**Q** 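Supplied in structure tokens, the structure appears directly below.
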Amino acid sequence: MNVKKPRKPKSKAARVLTSLLVTLVFGLVYFYLALPALNFQDSDFYFFLVLLCLVFMVCTLFNSGFQIDPNGGVREYFRFVKSQCLPAGVIILLVLAVGLVGSLISLPIFRAADYRDLLTVQDGNFAQDITQISFDKIPTLDRDSAEYLGDRQMGTLSDMVSQFEYSNDSTQINYQGRPVRVAPIAYADLIKWFTNRSQGLPAYVLVDMVTQEATVVRLQEGMKYSFSEPLNRNIMRHLRFHYPTFMFDTPQFEIDEEGQPWWIAPRVVKTIGLFGGTDIQGAVLVNAITGECTYYDDVETMVPTWVDNVYTPALIMEQYDYHGTLVNGFFNSILGQRDVTLTTEGYNYIALNDDVYVYTGITSANADQSNLGFLLSNQRTKETRFYDAPGATEYAAMASAEGEVQDLGYIATFPLLLNIAGEPTYFIPLKDDTNLVKSYAMVNVAQYQLVTVASSVSACEQAYTQLLAERGIAEPEERPETQVSGVVDDIRSAVLEGTTYYFIRLEGGEVYYTISAVQNPVAVLLNVGDQVTIDHAPQAEGEEASILTAYTLTIDGKAAPEEPITPQEPSAQEDDEPAESLPGAVTVPILGAA
């Protein structure tokens with residue numbers, strides 16, 4: 001009878017090697033999935049080290065055959081650690097000590113001046129810095145509305161909708177001088193990724209924030225690197241393998257002036273103590289098609305000017321809150337709160353000088369219903385200016401605008417700050433419960449009871465400037481020389497969003513002037529052959545416009561009575577059906593139309 005010999009216990013060296021091998025495999029898997037930066041300023045790195053030490057201890061416990069007395073209490077566990085895995089225990093104590101000391105020396109109570117100086121804020125002149133924006137540069141959508149339009153446009157493409165979906169992760173940029181939102185598409189599911197990964201993502205979605213037009217832009221070569229990639233081509237994993245010690249903010253999707261897709265990954269650094277003073281030091285630009293990475297160390301002088309998103313609104317607002325609360329020291333921020341200011345809850349974007357600026361209001365520490373002014377900060381360079389403009393908070397202005405259309409149930413979006421007739425003015429698109437913009441409001445910042453609402457931006461601005469003039473706040477606006485007189489040669493009309501718009505062409509001209517019946521009821525009396533005078537929006541420099549917005553229209557002389565020709569008005573169209581195309585016009589962008 002053969003009796004098995006008892007297995008010899010492993011030697012201590014074998015047990016250690018086995019534990020190290022298991023710990024190494026676990027560490028590689030965890031690093032691949034969690035992607036911690038190998039950087040002592042990253043708190044995730046400390047967690048990673050402690051986790052590896054604990055895995056090593058557990059493996060050692062298994063390899064020792066659980067040779068530990070459970071009745072020995074905590075002392076017995078310390079004895080086991082000391083005898084079997086002393087280096088791992090020492091590393092855990094060191095990590096905890098460094099983390100504790102690093103956190104203490106990074107606290108604002110000890111470094112208030114350093115936190116205050118994270119952001120340099122200059123005083124700005126509103127009338128000089130914030131020039132009146134042309135109507136063709138004013139964004140009329142918020143993020144939710146833009147993403148709704150982008151998702152709806154994806155649904156119209158039968159060859160893509162079964163394989164891809166809208167990512168709902170858009171970025172606002174300036175593209176060829178216009179404010180737009182861009183977002184990559186994503187694989188519909190894991191199976192769709194597996195069958196399409198060799199070609200990559202074939203398109204991205206671009207939404208014009210002015211005309212509200214969504215376009216799916218197809219690429220000659222698909223994007224191989226994105227967040228929807230589950231393995232090595234995942235953009236965060238790709239960045240980590242190229243820059244294992246860098247800490248990154250969330251990469252933002254952008255396109256350059258030629259329409260090529262990129263990922264902009266700001267490099268995060270800690271500038272105060274070990275964990276405090278979060279700031280940006282350079283950025284990595286990743287070609288979304290090829291995966292080629294380029295690191296620019298200096299944001300202001302090295303990062304290409306077409307890049308719009310390096311400093312996030314959250315970081316800028318956090319740094320200003322430190323600047324505003326610690327202006328007179330740490331204890332003043334809690335007790336006396338003299339001169340303490342904070343940013344308001346929301347923010348929006350303004351396009352200035354081909355850059356995107358984040359806008360937010362500034363209020364006192366009491367967080368009352370009034371703002372002291374507002375902040376504009378360049379998202380590429382972090383150049384920041386404060387504008388003294390006391391008045392209503394953004395949410396008070398939103399409530400005021402909603403009160404004007406409470407019977408319609410429209411919802412106010414977060415305001416955009418404009419300079420209208422030299423007055424700081426909240427511009428607020430109003431949307432319905434389907435996220436489509438239906439109307440526009442302008443609210444005076446200093447006197448938020450001064451509100452105008454209209455179905456188009458131009459009509460809203462005209463009514464607002466007239467209201468300011470009536471209240472003596474601003475002089476009547478002197479418009480540029482954009483008056484034209486002539487004989488009506490052609491009239492067209494279309495019903496858009498329940499409002500009738502008339503398109504008028506004069507003899508010898510090619511431009512149509514558009515005006516709504518609500519804005520100027522005399523338009524319904526027009527006949528071909530009438531002598532009219534029209535005040536209209538100026539033509540954009542360098543552009544040949546086929547349609548211009550009319551502000552006012554007056555009939556100087558009626559056509560002969562024996563040949564009356566009345567304009568033909570088509571039946572009201574559905575919301576999603578485009579208006580009839582006009583001669584010489586590729587599209588007919590009517591502000592306020594869905």
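The structure displayed is predicted, hence computed values, not measured ones.
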**Q** Short question: side chain of S170, backbone of V182 - any donor-acceptor pair under 3.5 Å?
**A**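 Absent.
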**Q** Counting N and O atoms only, with roles assigned by atom type, does the side chain of N174 sit under 3.5 Å from a partner on the main chain of G177, one being a donor and the other an acceptor?
**A**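 Judged by distance alone, no pair lies under 3.5 Å.
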**Q** Short question: side chain of Q379, backbone of V310 - any donor-acceptor pair under 3.5 Å?
**A**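 No, the answer is negative, given that no donor and acceptor are paired below the 3.5 Å cut-off.
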**Q** How about V405 and K438: do any of their side-chain heavy atoms sit closer than 4.5 Å?
**A**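 Answer no - side chains too far apart.
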**Q** Which distance, rounded to the nearest 0.5 Å, do you find between the CG of L436 and the CG of L149?
**A**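 Output value for this atom pair is 6.5 Å.
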**Q** Can you list the steps and then say if I264 with L285 is a side-chain contact (heavy atoms from CB on, under 4.5 Å)?
**A** CA-CA 5 Å; I264 313 301; L285 272 61; 3.6 Å; yes
**Q** Rounded to the nearest 0.5 Å, what separates atom CD in E213 from atom CD in Q153?
**A**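 Going from CD on E213 over to CD on Q153, the span is 8.0 Å.
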**Q** For the atom pair CE (M223) and CD1 (I185), what is the distance rounded to the nearest 0.5 Å?
**A**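 It is 6.0 Å, given to the nearest 0.5 Å.
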**Q** Is there a donor-acceptor pair under 3.5 Å between the side chain of S228 and the backbone N or O of A186?
**A**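 Absent.
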**Q** Identify which one of Y387, Y357, Y426, Y320 satisfies the ring pair (Phe, Tyr, Trp, His ring centres under 6.0 Å) criterion when paired with F374.
**A**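 Single ring pair (Phe, Tyr, Trp, His ring centres under 6.0 Å) partner of F374 among Y387, Y357, Y426, Y320: Y387.
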**Q** Do Y464 and N444 have side-chain atoms, one donor and one acceptor, less than 3.5 Å apart?
**A**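 Their side chains do contain a donor-acceptor pair, which is all the 3.5 Å distance test asks for.
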**Q** Hey, does the side chain of T452 reach the backbone of A441 with a donor-acceptor pair shorter than 3.5 angstrom?
**A**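 Flag not set: sc T452 to bb A441 has no pair under 3.5 Å.
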**Q** For E345, is the CD atom crowded, meaning more than 12 foreign heavy atoms sit under 6.0 Å from it?
**A**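 12 or below, so no.
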**Q** Tell me the closest heavy-atom pair linking L118 and Q319, and the distance in Å.
**A**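 Minimum heavy-atom contact is O-OE1, 3.6 Å.
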**Q** Does any part of the side chain of I130, heavy atoms only, come nearer than 4.5 Å to the side chain of L417, both counted from C-beta?
**A**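 Result no, sub-4.5 Å side-chain heavy-atom pair not found.
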**Q** Answer yes or no: is there a donor N or O on one side and an acceptor on the other, between the side chain of R385 and the main chain of G124, under 3.5 Å?
**A**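 Checking the backbone N and O of G124 against the side chain of R385, no donor-acceptor pair under 3.5 Å is found.
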**Q** Over all heavy atoms of both residues, which pair between Q252 and T171 is shortest? Give the atoms and the distance, please.
**A**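 Scanning both residues, the minimum pair turns out to be OE1-OG1, 3.5 Å.
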**Q** Measure the CG-OG1 distance between L375 and T384 for me, rounded to the nearest 0.5 Å.
**A**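 Spacing of CG (L375) from OG1 (T384) equals 5.5 Å.
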**Q** Donor-acceptor pair, distance only, cut-off 3.5 Å: does the side chain of T413 make one with the backbone of P429?
**A**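 Pair found, side chain donor or acceptor close to backbone of P429.
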**Q** I'd like to know if the side chain of S400 and the backbone of Q449 have a donor-acceptor N/O pair within less than 3.5 Å.
**A**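 Flag not set: sc S400 to bb Q449 has no pair under 3.5 Å.
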**Q** If you measure from NZ on K270 to CD on Q281, what distance do you get to the nearest 0.5 Å?
**A**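 Going from NZ on K270 over to CD on Q281, the span is 13.5 Å.
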**Q** For the pair Y243 and F248, name the ring-plane relationship: parallel under 30°, tilted 30 to 60°, perpendicular over 60°.
**A**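 Correct class here is perpendicular.
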**Q** Assess the residue pair M154 and E165 against the criterion (side-chain contact (heavy atoms from CB on, under 4.5 Å)); give the C-alpha distance rounded to whole Å, side-chain angles, the decisive distance to 0.1 Å, and a yes or no.
**A** CA-CA 7 Å; M154 275 291 298; E165 62 186 9; 5.6 Å; no
**Q** Could you check whether Y295 and R267, counting side-chain N and O atoms only, form a donor-acceptor pair closer than 3.5 Å?
**A**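 There is such a pair (donor and acceptor under 3.5 Å, judged by atom type) between the side chains of R267 and Y295.
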**Q** Which pair of non-hydrogen atoms, one from A265 and one from L239, has the smallest distance, and what is that distance?
**A**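 Looks like CB-CD1, 3.6 Å.
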**Q** When you look at OH of Y359, are more than 12 heavy atoms from neighbouring residues, nucleotides or ligands closer to it than 6.0 Å?
**A**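 Yes, enclosed.
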**Q** At their closest point, which heavy atom of V445 faces which heavy atom of A389, and how far apart are they?
**A**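 Heavy-atom minimum between the residues: CG1-O, 3.9 Å.
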**Q** About how many Å separate CG of N309 and CZ of F253, when rounded to the nearest 0.5 Å?
**A**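 It is 12.0 Å, given to the nearest 0.5 Å.
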**Q** Scan D354, T305, D308, D355 and name whichever one has a side-chain hydrogen bond (donor to acceptor under 3.5 Å, both in side chains) with R380.
**A**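 Going through D354, T305, D308, D355 one by one, the side-chain hydrogen bond (donor to acceptor under 3.5 Å, both in side chains) with R380 is satisfied by D355 alone.
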**Q** Counting only heavy atoms not in E292, do more than 12 fall under 6.0 Å of its CD?
**A**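 No, because the 6.0 Å sphere around CD of E292 holds 12 heavy atoms or fewer from other groups.
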**Q** Any side-chain donor-acceptor pair under 3.5 Å between T434 and D432?
**A**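 Their side chains do contain a donor-acceptor pair, which is all the 3.5 Å distance test asks for.
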**Q** Fit a plane to each ring of F227 and W263, take the angle between them on a 0 to 90° scale, and name the class: parallel (under 30°), tilted (30 to 60°) or perpendicular (over 60°).
**A**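 F227 and W263: perpendicular rings.
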**Q** Could you check whether any side-chain heavy atom of I473 comes within less than 4.5 Å of a side-chain heavy atom of L450, counting everything from C-beta outward?
**A**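 Counting from C-beta outward, I473 and L450 do come under 4.5 Å.
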**Q** Kindly say whether V307 contributes a backbone atom to a donor-acceptor pair with the side chain of E254 at under 3.5 angstrom?
**A**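 No; judged by distance alone, with no hydrogens or angles, the pair does not exist.
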**Q** Say whether, by atom type as modelled, one donor and one acceptor occur between the side chain of E394 and the main chain of G361 under 3.5 angstrom.
**A**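 Flag set: sc E394 to bb G361 pair under 3.5 Å.
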**Q** Please determine, by modelled atom types, if K192 and N196 share a side-chain donor-acceptor pair under 3.5 angstrom.
**A**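 Note: K192 and N196 side chains miss the donor-acceptor criterion.
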